[in-house]
2 protein chains.
Amino acid sequence: MQVTIKDVAKKAGVSPSTVSRVISNHPRISPKTSAKVKQIMEEMGYHPNLAAKSLVSKKSNTLGVILHRPAEELFLNLFFSEFIRGIVTQATRSGYDLLMTSGATEKDEMEAMTRFIKGGRVDGIILLSSRNGDGMVNYLRSQQFPFVLIGRSNEHDDILSVDNDNVQAAYDVTKYLISLGHTRIGFVSGPPQLVVSQDRMEGYKQALQEFGLPLRSHWIVEGEFLQESGYRAMSMIMGLSDRPTALIVTDDLVAYGVLKGITELGFHVPDDISLFSFNNISISELTTPPLSSVDIGIYQLGYTASQTLLRDIQENHREQNRIIIPHRLMIRQSCARVD
Amino acid sequence: MQVTIKDVAKKAGVSPSTVSRVISNHPRISPKTSAKVKQIMEEMGYHPNLAAKSLVSKKSNTLGVILHRPAEELFLNLFFSEFIRGIVTQATRSGYDLLMTSGATEKDEMEAMTRFIKGGRVDGIILLSSRNGDGMVNYLRSQQFPFVLIGRSNEHDDILSVDNDNVQAAYDVTKYLISLGHTRIGFVSGPPQLVVSQDRMEGYKQALQEFGLPLRSHWIVEGEFLQESGYRAMSMIMGLSDRPTALIVTDDLVAYGVLKGITELGFHVPDDISLFSFNNISISELTTPPLSSVDIGIYQLGYTASQTLLRDIQENHREQNRIIIPHRLMIRQSCARVD
DNA sequence: CTGAAAGCGCTTACAG
DNA sequence: CTGAAAGCGCTTACAG
């Protein structure tokens with residue numbers, strides 16, 4: 001019932017090999033034959049069977065993504081749709097599809113990955129996050145299977161990755177606050193085991209040091225990527241006698257909690273304290289006052305990851321291992337000048 | 001280099017057919033043989049080649065999703081990650097993966113779908129939305145290809161679909177507001193061509209009629225699924241001499257705009273006007289005051305769509321065509337009693 | 001420029 | 001309970 005290459009060949013009066021060559025735009029095929037075969041394919045509604053093609057070519061024209069486990073979903077969920085859109089859009093343009101699966105445990109995840117790789121289901125893998133001691137990265141490297149990491153790995157600096165310069169971004173934010181006259185600047189950070197937390201903390205410290213400003217450990221809070229995390233931190237921070245006049249917050253959702261906490265304690269942003277956060281998800285525009293936030297180019301991270309991986313697969317050569325997506329400070333109304 | 005069924009067969013001293021039967025748990029295979037073969041497979045790190053399997057079995061063990069075009073992304077984006085998580089989780093449990101692609105135009109979308117179906121890449125399709133006159137639905141029906149629609153189609157009532165009872169949900173919300181003493185209730189709706197908008201409007205009208213309450217056309221606004229849409233509507237609504245004491249809003253993001261508009265005009269929620277919205281996305285908890293909203297079970301919609309489609313594919317029989325996911329009114333602080 | 005043939009890794013009637 | 005053989009729909013050296 002399915003129209004095959006043989007059916008087309010018979011009707012066109014050529015051999016299956018010729019039809020195959022027409023499909024793949026083989027150079028040594030006469031324009032006349034090509035045109036005729038193409039017309040017949042159109043008439044008969046021919047569509048190549050991908051399984052057969054994949055079986056012989058050892059290519060699937062598919063990229064794979066493994067969904068992270070629930071435990072890590074909170075942070076990434078807000079980015080997820082933008083990541084995926086970026087990845088799929090670019091992949092589709094290059095004639096690739098995206099295959100997704102999930103694993104309930106780390107063991108499940110590894111099995112899913114093995115199935116993808118060993119079963120020939122994908123030609124490359126996109127990792128949506130990295131944690132210290134990431135088994136995925138080690139496995140993929142040992143298999144020499146093409147992959148790209150969105151983010152940065154502490155252990156491996158020779159893998160293909162797409163990331164922001166989070167050190168620089170945090171440095172830029174800190175410097176911006178300093179330029180407004182702030183000298184007591186605090187930091188509400190995320191989980192310390194995440195590379196992104198480490199990088200942002202580093203940029204913050206660098207800027208303070210460069211401008212000779214004090215770094216006080218009680219101005220720094222490490223929490224989760226949760227609203228409550230920011231909310232809870234405020235009773236402590238705002239109760240300090242030498243409390244900061246500005247806070248850098250590692251994520252918009254956390255900043256939302258921070259904002260809520262500050263407001264409930266009877267303080268006002270930005271008059272009593274300035275706020276600058278990261279990621280620029282939709283919520284940051286919606287708060288009162290609208291939050292200044294660092295746009296990290298989520299769509300572009302996904303898009304570029306896809307593009308970079310495909311280039312690595314197809315051309316098998318890399319211009320560079322680490323691609324940096326530029327960030328932008330989105331200045332809104334949550335920061336005030338102090339004297 | 002790849003370990004094949006032949007390699008395993010040779011090492012186990014059996015035929016390839018036997019190995020194949022062990023893999024598929026064929027009943028008539030001796031436990032002894034099975035155990036031995038399984039052990040060898042483990043030892044050799046055998047993984048079945050999915051392309052070969054798919055080529056002969058005509059099954060891909062994959063479900064397909066086509067990403068909607070940018071024009072329609074706004075509304076769905078906020079649901080997207082939950083939908084996908086629900087779909088993937090259930091699919092993975094049944095041994096299926098999810099294949100995604102996108103199309104820039106409707107033509108692209110149709111081509112992508114054809115590629116999926118005719119190329120044997122997927123065994124079923126999940127449609128994330130429906131619009132009036134949906135070419136996808138017509139095509140899939142004409143091909144008799146398994147698919148499920150998340151939502152409801154006006155034109156086809158015999159297709160597999162997973163949806164909320166949006167008429168009932170809007171009815172419930174309206175009745176709740178009436179029970180608080182409201183008699184002048186307005187409605188901020190979404191695009192009228194969407195079935196979901198039509199259904200919610202219908203439930204609202206039914207409740208008003210049942211309780212003999214007035215339906216005023218100037219209390220009804222039709223807009224987009226955008227914050228601005230709600231924001232802009234407020235200058236008109238709040239300026240009415242007989243303005244409503246409660247508003248039902250079709251989406252949390254729109255409700256956020258409504259809330260902002262009301263507040264900027266110097267009014268207060270819920271003292272001056274009550275607000276009840278739909279969808280219960282994360283933002284609804286975060287507003288001041290927290291918004292009452294209808295939880296529509298986004299994850300469950302995705303999960304059930306996946307489950308229903310797989311049952312249709314595997315067992316080829318349906319218990320019912322239209323599955324309803326229950327909704328829940330999440331009562332927060334945006335509605336007040338009036339006398 | 002084109003064809004005949006082999007083969008990709010699996011499944012499944014058909015025999016025994 | 002197990003094996004030999006054919007075949008799924010394609011690609012690609014090898015010939016000509």
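We name chains A, B, ... by the order of the sequence lines, and we start the count at 1 in each one.
Annotation: proximity of residues 36-45 of chain A to DNA chain C (heavy atom, distance under 4.0 Å) is found for no residue.
A donor and an acceptor atom, one from each side chain of B:Arg141 and B:His156, are located under 3.5 Å apart. Looking at B:Thr101 and A:Thr92, their side chains do bring a donor and an acceptor atom within 3.5 Å of each other. A:Tyr299 and A:Glu82 share no side-chain donor-acceptor pair at under 3.5 Å. A donor-acceptor contact under 3.5 angstrom links the side chains of A:Thr62 and B:Arg121, judged on distance only. Between the side chains of B:Ser17 and B:Ser20, no donor-acceptor pair of N or O atoms lies under 3.5 Å.
Counting only distance, with no hydrogens or angles, the side chain of A:Ser94 and the backbone of A:Tyr96 share no donor-acceptor pair below 3.5 Å. Although no hydrogens or angles enter the test, the distance criterion places a donor-acceptor pair under 3.5 Å between the side chain of A:Thr304 and the main chain of A:Gln300. Remark: side-chain polar atoms of A:Ser142 are paired, donor with acceptor, to backbone N or O of A:Tyr139 under 3.5 angstrom. Side-chain N or O atoms of B:Asp123 include one that pairs as donor or acceptor with a backbone N or O of B:Asn61 at under 3.5 Å.
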Dot-bracket for DNA chain C, 5' to 3', counting Watson-Crick or G-U wobble pairs under 3.5 Å, with [ ] for crossing pairs and | for inter-strand pairs? |||.||||||||.|||
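With a cutoff of under 4.0 Å to any heavy atom of chain A, the contacted region of DNA chain C is bounded 5' to 3' by C:dC1 to C:dG9.
Nucleotides of DNA chain D nearest to B:Val56 and B:Arg21 differ in position, and the one nearer the 5' end is that of B:Arg21. Remark on DNA chain D: of its neighbouring residues B:Ser34 and B:Lys58, the 5'-side contact belongs to B:Ser34, judged by nearest-heavy-atom nucleotide.
At the heavy-atom level, B:Ser57 lies nowhere under 4.0 Å from the strands shown. The residue A:Thr33 sits close only to the backbone: its heavy atoms come under 4.0 Å of sugar-phosphate atoms, none of a base. Among the protein residues, B:Ser20 comes within range of the nucleic acid bases, having at least one heavy atom under 4.0 Å from a base atom. Nucleic acid contact class of A:Thr18 (heavy atoms, under 4.0 Å, all strands): sugar-phosphate only.
Remark: A:Arg152 does not engage A:Asp157 in a salt bridge, criterion side-chain N to carboxylate O under 4.0 Å. Note on B:Lys107 versus B:Glu111: salt bridge recorded, some NZ/NE/NH1/NH2 to OD/OE distance being below 4.0 Å.
A gap of 16 Å separates the C1' atoms of C:dG16 and C:dT12, to the nearest Å.
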